[in-house]
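FYI, side chains are in, hydrogens and waters are out, and symmetry mates aren't considered; it's all heavy atoms of this structure. Positions are given from 1, in the same order as the sequence printed here.
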Amino acid sequence: MRSYSQPHQPQPQLQHQQPLQQPIQQPQQQPLQPQQKYYPNQATTINHLPPEPRVSHQPVASQTQYRQQLPTSVSSTNSAASNDSLQEQQDTQIATQLFNNHDIRNIGRLTADELQNLLQNDDGTKFCSSSIDSLLSLFGGSRFGTVNLNEFISLYKRVKKWRKCFVDNDLNGSFTLTMAEYHKAVQSLGYLIPFEVSEKLFECYAEFFDQPMVSKEMKFDRFVETLVWLMRLTKVFRKYDTKQEGTATIEYKDFIDITLYLGKFLPH
């Protein structure tokens, strides 16, 4: 988040015919509030140890065991940095093991079916096909429709971060998010979009699960899918937000191209 300060403006000198008995006290300028960003500036650093993504043959970690206090001293900060480095190594090892276990054909790449057999929602159901496709299109840069080991490691770490956000905002432990919970989750990731925008996005991806069909809810796989779409939208928007202030000027031709591109990733 950037902070902007107002340059100092010299105060005008007052002209008097008679010298003043008391010096004039200049009013103090109020500092400007930092301008609010409507999207995350960069990937958020993980200071806590989040729960592992739910995968086949992997138990769901307890939500409470990862809620630690932020470091408050230099020594504890160094210790936290060391723990983060250790956690990164552990995540890489776990992701590598998962990749090797599910690379059935031993070709060094995971297909959509293999990735779908690996990733699970917290209720034990598999990720839906559209969520798998969105992850493959985002992380499978070297060949469309599959991911290699390095791409899967990046995917695993990102999904792990998103699952922590999902679990933290699933207040009633229902393995789903309501509209209000979804909005808070998106905001906590740095996307400061208005509630009505979150509501429209939620309606596109959420589903009815219980009878009677009163209100929609969102499982983790669809939550991931919305975040992939937000990442793509933000990346395109930054290209035209030259001052990084949350405002962009887009020519009509570019607007059409962007709409056609992003429309491919919305649910049909």
Side-chain angles (χ1 to χ4, degrees), residues 46 48-67 90-91 94-95 97-99 101-104 110-139 147 152-189 191 198-231 265-268:
I46 303 175
H48 303 282
L49 303 180
E52 303 292 337
R54 181 70 185 270
V55 296
S56 298
H57 313 298
Q58 291 290 335
V60 179
S62 172
Q63 180 177 351
T64 57
Q65 72 183 79
Y66 298 105
R67 292 181 177 173
Q90 293 177 350
D91 289 344
I94 294 174
Q97 182 178 359
L98 289 171
F99 183 91
N101 290 342
H102 289 80
D103 183 16
I104 306 300
L110 293 183
T111 64
D113 291 338
E114 291 169 339
L115 188 61
Q116 191 173 29
N117 289 331
L118 190 155
L119 295 175
Q120 294 181 354
N121 293 307
D122 285 349
D123 60 357
T125 59
K126 295 181 180 180
F127 270 35
C128 65
S129 298
S130 60
S131 300
I132 294 295
D133 291 341
S134 67
L135 287 170
L136 288 174
S137 64
L138 181 66
F139 291 95
V147 287
F152 176 75
I153 291 174
S154 298
L155 183 154
Y156 173 86
K157 293 179 179 179
R158 178 71 65 163
V159 171
K160 178 180 179 179
K161 172 188 172 183
W162 287 342
R163 183 173 181 270
K164 178 185 185 302
C165 176
F166 184 90
V167 171
D168 288 346
N169 287 278
D170 180 17
L171 301 181
N172 60 355
S174 62
F175 305 138
T176 59
L177 295 182
T178 63
M179 173 57 232
E181 291 171 341
Y182 173 73
H183 178 66
K184 290 181 180 179
V186 171
Q187 293 260 321
S188 69
L189 290 172
Y191 297 99
S198 295
E199 188 175 24
K200 292 178 181 178
L201 193 57
F202 182 85
E203 286 296 320
C204 289
Y205 289 91
E207 303 171 89
F208 292 106
F209 294 107
D210 299 324
Q211 297 290 342
M213 296 186 295
V214 178
S215 60
K216 290 184 176 181
E217 295 180 346
M218 182 180 291
K219 286 188 177 182
F220 179 58
D221 56 347
R222 304 293 282 188
F223 176 68
V224 167
E225 195 172 347
T226 66
L227 295 179
V228 171
W229 190 82
L230 278 174
M231 287 181 64
F265 304 103
L266 286 173
H268 300 287

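- Between the CD1 atom in I104 and the CG atom in L110 there is a gap of 9.0 Å [rounded to 0.5 Å].
- Between the side chains of S174 and E217, not a single donor N or O lies within less than 3.5 Å of an accepting N or O.
- Of all heavy-atom pairs spanning F202 and M179, the tightest one is CB-SD, 3.5 Å.
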**OP:** Apply the test side-chain contact (heavy atoms from CB on, under 4.5 Å) to residues L201 and V186: give CA-CA distance (whole Å), side-chain angles for both, the deciding distance (0.1 Å), then the verdict.
**Re:** CA-CA 11 Å; L201 193 57; V186 171; 5.8 Å; no
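- Across F127 and Q120, no two heavy atoms sit closer than the pair CE1-O, 3.5 Å.
- Considering all non-hydrogen atoms of both residues, S188 and C165 come closest at OG-SG, 3.3 Å.
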**OP:** Please step through side-chain contact (heavy atoms from CB on, under 4.5 Å) for the pair L171 and T178, ending with a clear verdict.
**Re:** CA-CA 10 Å; L171 301 181; T178 63; over 6 Å; no
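- We find the OG-CG distance between S154 and L135 to be 12.0 Å, quoted to the nearest 0.5 Å.
- The two residues C204 and R222 have their closest heavy-atom pair at O-NH2, 4.1 Å.
- Put simply, CG on L155 and CG on L136 are 7.5 Å apart, with the number rounded to the nearest 0.5 Å.
- The minimum heavy-atom distance linking V228 with S134 is given by the pair CG1-O, 3.7 Å.
- Considering T226, N169, T176 in turn, T226 is the only one that fulfils the side-chain hydrogen bond (donor to acceptor under 3.5 Å, both in side chains) rule with Y182.
- Between S131 and E225 the shortest heavy-atom distance is OG-OE1, 3.0 Å.
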Subject >> Audit row: I153, F99, side-chain contact (heavy atoms from CB on, under 4.5 Å) steps and yes/no >> reply: CA-CA 8 Å; I153 291 174; F99 183 91; over 6 Å; no
Original post:
Under the side-chain contact (heavy atoms from CB on, under 4.5 Å) criterion, do L230 and L189 qualify, and how do the steps go?
Top reply: CA-CA 11 Å; L230 278 174; L189 290 172; over 6 Å; no
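- One N or O on the side chain of D221 and one on the backbone of C128 form a donor-acceptor pair closer than 3.5 Å.
- Taking 4.5 Å as the limit, some side-chain heavy atom of K161 sits within range of a side-chain heavy atom of R158.
- Not one N or O on the side chain of T125 forms a donor-acceptor pair closer than 3.5 Å with the backbone of N121.
- K216 pairs with exactly one of E207, E199, E203, E181 by the salt bridge (charged side-chain N to carboxylate O under 4.0 Å, His left out) rule, that one being E203.
- Taking NZ from K184 and CG from D168, the interatomic distance works out to 12.5 Å, rounded to the nearest 0.5 Å.
- Applying the ring-ring contact (aromatic ring centres under 6.0 Å, His included) criterion to F166, with sequence neighbours excluded, gives F220, F223.
- Between H102 and the choices L119, L118, L115, the side chain to side chain contact (heavy atoms under 4.5 Å, CB included) rule is met once, by L118.
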